[in-house]
Amino acid sequence: MTRSSPLLALRAGLLAHLAADTPLAALMGGRLRLYDEPPRGAAPVYALFGPSEVSDDSVDGAQRHRHAFALTVFAKPGSARSALEVAERIAARLDEADLAVSGHALVLLRLKSLAGLRDERTGEARATLSFEAVTEVAA
């Protein structure tokens with residue numbers, strides 16, 4: 001039996017959950033713009049999957065994984081607010097959310113922090129959300 005990657009399954013669940021949010025899509029220019037890599041030539045507002053780490057968190061015979069991951073939202077030029085509004089909407093939609101994760105059960109999804117940042121070199125504003133999650137392999 002081939003098991004699905006807990007990280008990729010969680011990402012797919014996040015994308016599906018956020019794609020259904022019309023107000024979030026409106027803040028991002030009409031559709032969810034959450035990517036693995038910066039989109040070539042695309043203007044903000046968009047978000048990227050940032051650093052992520054998955055570790056074994058098995059307990060009492062249940063195969064579990066603990067996730068630590070970040071999402072970074074890039075602001076429109078001259079508008080830190082554009083990134084913060086999107087980040088706050090994402091936080092509201094994901095903190096303690098009950099979302100489907102193929103091949104896994106989501107045990108926990110929690111926002112750990114939301115930070116507004118400005119790149120000193122480019123002046124580019126962004127917001128970074130850090131989350132923790134626990135998934136369990138479905139039987």
For this session: Give the intermediate values and the outcome of side chain to side chain contact (heavy atoms under 4.5 Å, CB included) for residues Leu117 and Thr128.
Result: CA-CA 8 Å; Leu117 311 162; Thr128 299; 3.6 Å; yes
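- None of Val137, Leu7, Asp57 except one satisfies the side chain to side chain contact (heavy atoms under 4.5 Å, CB included) rule with His65; the exception is Val137.
- For the atom pair CG of Leu114 and CD1 of Ile90, the computed distance is 9.0 Å after rounding to the nearest 0.5 Å.
- When atom types are taken as modelled, the side chain of Arg93 and the backbone of Asp21 share no donor-acceptor pair closer than 3.5 angstrom.
- The two residues Ala127 and Leu84 come nearest to each other via the heavy atoms CB-CD2, 4.0 Å.
- The two residues Gly50 and Arg11 make their nearest non-hydrogen contact at O-NH2, 3.8 Å.
- No path of Ile, Leu, Val, Met, Phe, Trp and Tyr side chains, each step under 4.5 Å between heavy atoms, connects Leu48 with Leu111, placing them in separate hydrophobic clusters.
- At a cut-off of 3.5 Å, with distance as the only test, a side-chain donor of His67 or Thr135 sits close to an acceptor on the other residue.
- Look at Arg66 and Asp56 and you find no salt bridge, because none of the NZ, NE, NH1 or NH2 atoms lies under 4.0 Å from a carboxylate O.
- If you chain together hydrophobic residues whose side chains sit under 4.5 Å apart, Phe131 and Leu108 never meet in one group.
- When all heavy atoms of His17 and Ala97 are compared, the closest pair comes out as NE2-CB, 3.9 Å.
- No continuous path of ILVMFWY side-chain contacts below 4.5 Å connects Leu129 to Phe74, so the two sit in separate hydrophobic clusters.
- Atom OG1 of Thr22 is separated from atom CG of Leu27 by 11.0 Å, given to the nearest 0.5 angstrom.
- For the pair Leu14 and Phe69, the minimum side-chain heavy-atom distance is below 4.5 Å.
- Glu132 CD to Glu53 CD: the interatomic distance, rounded to the nearest 0.5 Å, is 12.5 Å.
- Salt bridge annotation for Arg110-Asp95: absent, with no cationic side-chain nitrogen under 4.0 angstrom from a carboxylate oxygen.
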For this session: Report the C-alpha separation of Val73 and Tyr46 in whole Å, then their side-chain angles, then the decisive distance to 0.1 Å, and conclude whether the side chain to side chain contact (heavy atoms under 4.5 Å, CB included) test is met.
Result: CA-CA 6 Å; Val73 181; Tyr46 62 84; over 6 Å; no
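- Atom NZ of residue Lys76 and atom OG of residue Ser82 lie 6.0 Å apart, to the nearest 0.5 angstrom.
- Residues Arg33 and Ala42 approach most closely at NH2-CB, 3.4 Å, considering heavy atoms.
- Between Glu124 and Arg126 a salt bridge is recorded (basic side-chain N to carboxylate O distance below 4.0 Å).
- Listed here is the closest heavy atom pair of Ala75 and Ala80: CB-CA, 4.2 Å.
- Linking Ile, Leu, Val, Met, Phe, Trp and Tyr whenever their side-chain heavy atoms come within less than 4.5 Å puts Leu109 and Leu24 in one cluster.
- In plain terms, the two heavy atoms of Ala9 and Ser102 that are nearest each other are CB-O, 3.4 Å.
- More than 12 heavy-atom neighbours from other residues, nucleotides or ligands sit within 6.0 angstrom of CD on Glu96.
- Under the 4.5 Å side-chain heavy-atom criterion for grouping Ile, Leu, Val, Met, Phe, Trp and Tyr, Leu99 is not connected to Val107 through any hydrophobic cluster.
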